[in-house]
Amino acid sequence: MSDALPLELRGVQRRFRTEAGELPVLTGADMTLHAGEIVALVAPSGTGKSTLLHLAGLLERPDGGEVFVEGQAAGTLSDDQRTAIRRGTIGFVYQFHHLLPEFTAVENVALPQMAAGTARGAAHARATELLHAFGLAGREQHRPGKLSGGEQQRVAIARALANRPRVLLADEPTGNLDVGTADRVFQELLQAVRQHGVAALIATHNPELAARMDRVVTLRDGHVVPA
């Protein structure tokens with residue numbers, strides 16, 4: 001599987017049922033992500049950005065087409081198998097950090113590793129290393145409520161990278177931050193992704209941030225096309 005693409009979508013379809021009838025959101029989306037490539041997904045609200053990310057991250061199943069993760073078709077896998085792939089291969093970053101408020105920063109980053117079978121000591125060592133890389137030395141024992149918005153999002157990014165994923169999916173990862181903080185956090189995210197050779201798909205409304213990525217795609221009539 002080492003030569004397989006980290007992520008590939010082939011003819012992916014997704015429809016939702018509404019009171020007005022069936023609403024097609026994705027009607028045959030195709031895209032590929034290569035190792036070390038950072039792709040911006042820029043599209044108007046309501047066109048299916050989050051749906052595409054959820055399908056790519058195996059959080060939902062498509063109504064048609066297939067999602068391949070490291071060359072493996074995910075459509076026929078059991079829920080447990082899909083969860084194992086998400087845990088070990090895919091990292092997620094959201095607009096809102098979703099940190100567990102009762103745990104410290106280092107615990108938030110260590111927990112996904114421990115869930116994947118990493119020993120507590122090794123998980124905490126990895127978490128500490130990542131937090132230091134994101135400029136959070138001295139903040140490891142702080143709970144989210146004691147961290148600024150930018151610090152919380154740095155912890156969330158560190159958590160997403162904790163299990164050394166091959167794919168990173170981010171949905172407006174700096175959309176909840178002020179302009180200056182967003183720029184700094186986004187630059188740290190790009191550096192970390194490039195350093196680790198992760199394939200990243202990042203949804204953003206910010207054209208300036210999108211321009212700093214390797215290429216930009218959008219959604220048009222349910223398809224992924226160059227922006």
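Side-chain atoms are counted along with the backbone in the values below, which use heavy atoms only and exclude waters and symmetry mates.
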Colleague: Could you state the interatomic distance from CG (D183) to CD (E188), rounded to the nearest 0.5 Å?
Modeller: 10.0 Å

Colleague: Is any side-chain heavy atom of L219 closer than 4.5 Å to a side-chain heavy atom of L41?
Modeller: yes

Colleague: Near R220 CZ, under 6.0 Å, is it more than 12 heavy atoms from other residues, nucleotides or ligands?
Modeller: no

Colleague: With the side chain counted from C-beta on, respond yes when R14 and D63 share a heavy-atom pair under 4.5 Å apart, and no when they do not.
Modeller: yes

Colleague: Say you draw a straight line from OG1 of T181 to CZ of R154; how long is it, rounded to the nearest 0.5 Å?
Modeller: 7.5 Å

Colleague: Any sub-3.5 Å donor-acceptor pair from T47's side-chain atoms to P44's backbone N or O?
Modeller: yes

Colleague: Does any non-hydrogen side-chain atom of I38 lie less than 4.5 Å from one of V198?
Modeller: no

Colleague: Do T204 and F186 have side chains that approach each other closer than 4.5 Å (heavy atoms only, starting at C-beta)?
Modeller: no

Colleague: Same cluster or not: L168 versus V42, using hydrophobic residues (I, L, V, M, F, W, Y) connected whenever any side-chain heavy atoms lie under 4.5 Å apart?
Modeller: no

Colleague: How are the rings of H98 and Y94 set relative to one another: parallel (under 30°), tilted (30 to 60°) or perpendicular (over 60°)?
Modeller: perpendicular

Colleague: Take V69 and L7 through the side-chain contact (heavy atoms from CB on, under 4.5 Å) test and state the conclusion after the steps.
Modeller: CA-CA 5 Å; V69 180; L7 180 69; 4.3 Å; yes

Colleague: Could you tell me whether the side chain of R126 and the main chain of A162 form a donor-acceptor pair under 3.5 Å?
Modeller: yes

Colleague: Sub-3.5 Å donor-acceptor pair from the side chain of Q153 to the main-chain atoms of P173, do we have one?
Modeller: yes

Colleague: Is L99 reachable from L131 through a run of I, L, V, M, F, W or Y residues, each pair having side-chain heavy atoms under 4.5 Å apart?
Modeller: yes

Colleague: Look at atom CG of D221 and say whether more than 12 heavy atoms of other residues, nucleotides or ligands are closer to it than 6.0 Å.
Modeller: no

Colleague: For T89 versus P165, what's the shortest heavy-atom pair and its separation?
Modeller: O-CB, 3.3 Å

Colleague: In terms of side-chain geometry, is the basic nitrogen of R61 or D79 positioned less than 4.0 Å from the acidic oxygen of its partner?
Modeller: yes

Colleague: So do the side chains of R164 and H196 get within less than 4.5 Å of each other, counting heavy atoms only?
Modeller: no

Colleague: Can you tell me how far CD of Q152 sits from NE2 of H142, rounded to the nearest 0.5 angstrom?
Modeller: 12.0 Å

Colleague: Sub-3.5 Å donor-acceptor pair from the side chain of N108 to the main-chain atoms of A156, do we have one?
Modeller: no

Colleague: Please give me the minimum heavy-atom distance between V193 and A200, naming the atom from each residue.
Modeller: CG1-CB, 3.9 Å

Colleague: If we count only N and O atoms by modelled type, under 3.5 Å, do the side chains of E140 and H132 hold a donor and an acceptor together?
Modeller: yes

Colleague: What's the shortest heavy-atom distance between H205 and S45, and which atoms?
Modeller: NE2-OG, 3.5 Å

Colleague: Any side-chain heavy atom of V185 sitting closer than 4.5 Å to one from I157?
Modeller: yes

Colleague: Is the backbone of K146 close enough, under 3.5 Å, to the side chain of R139 for a donor and an acceptor to pair up by distance?
Modeller: yes

Colleague: Check for me, please, whether L147 and V109 land in the same ILVMFWY cluster - side-chain distances under 4.5 Å, paths through other members count.
Modeller: yes

Colleague: Between R10 and D30, does at least one N-O distance fall below 4.0 Å, as a salt bridge requires?
Modeller: no

Colleague: What's the shortest heavy-atom distance between E66 and V12, and which atoms?
Modeller: O-CG2, 3.5 Å

Colleague: Check whether R166 reaches the backbone of P6 with its side chain - one donor and one acceptor, N or O, closer than 3.5 Å.
Modeller: no

Colleague: So, taking the atom named CG in L26 and the one named CG in L55, what distance separates them when rounded to the nearest 0.5 Å?
Modeller: 6.0 Å

Colleague: Below 4.5 Å, heavy atoms only, C-beta onward: do E37 and M213 meet side chain to side chain?
Modeller: no

Colleague: Rounded to the nearest 0.5 Å, how far apart are CD of E22 and CZ of R15?
Modeller: 5.0 Å

Colleague: Are there over 12 heavy-atom neighbours, none belonging to Q191, within less than 6.0 Å of that residue's CD?
Modeller: yes

Colleague: Quick check against the 3.5 Å criterion: does Q113 have a side-chain atom that pairs as donor or acceptor with the backbone of A123?
Modeller: yes

Colleague: Main chain of P112, side chain of R159: is a donor-acceptor contact present, judged purely on distance under 3.5 Å?
Modeller: no

Colleague: Which pair of heavy atoms, one from A160 and one from F92, lies closest together, and at what distance?
Modeller: CB-O, 3.3 Å

Colleague: Is there a path from F68 to L5 through hydrophobic residues (I, L, V, M, F, W, Y) whose side chains come within less than 4.5 Å of each other?
Modeller: no

Colleague: V93, I202: one ILVMFWY side-chain cluster at the under-4.5 Å cut-off?
Modeller: yes

Colleague: Where do A199 and L33 come nearest, in terms of heavy atoms and distance?
Modeller: CB-CB, 4.0 Å

Colleague: Taking D214 for its side chain and V39 for its backbone only, find out whether a donor-acceptor pair lies under 3.5 Å.
Modeller: no

Colleague: Could you walk me through whether T218 and V225 pass the side-chain contact (heavy atoms from CB on, under 4.5 Å) check?
Modeller: CA-CA 6 Å; T218 190; V225 298; 3.6 Å; yes

Colleague: Strictly distance-based, threshold 3.5 Å: is any side-chain N or O of T174 a donor or acceptor partner for the main-chain N or O of L177?
Modeller: no

Colleague: First locate atom CG of L58, then atom CD1 of I85, and finally report the distance between them rounded to the nearest 0.5 Å.
Modeller: 6.0 Å

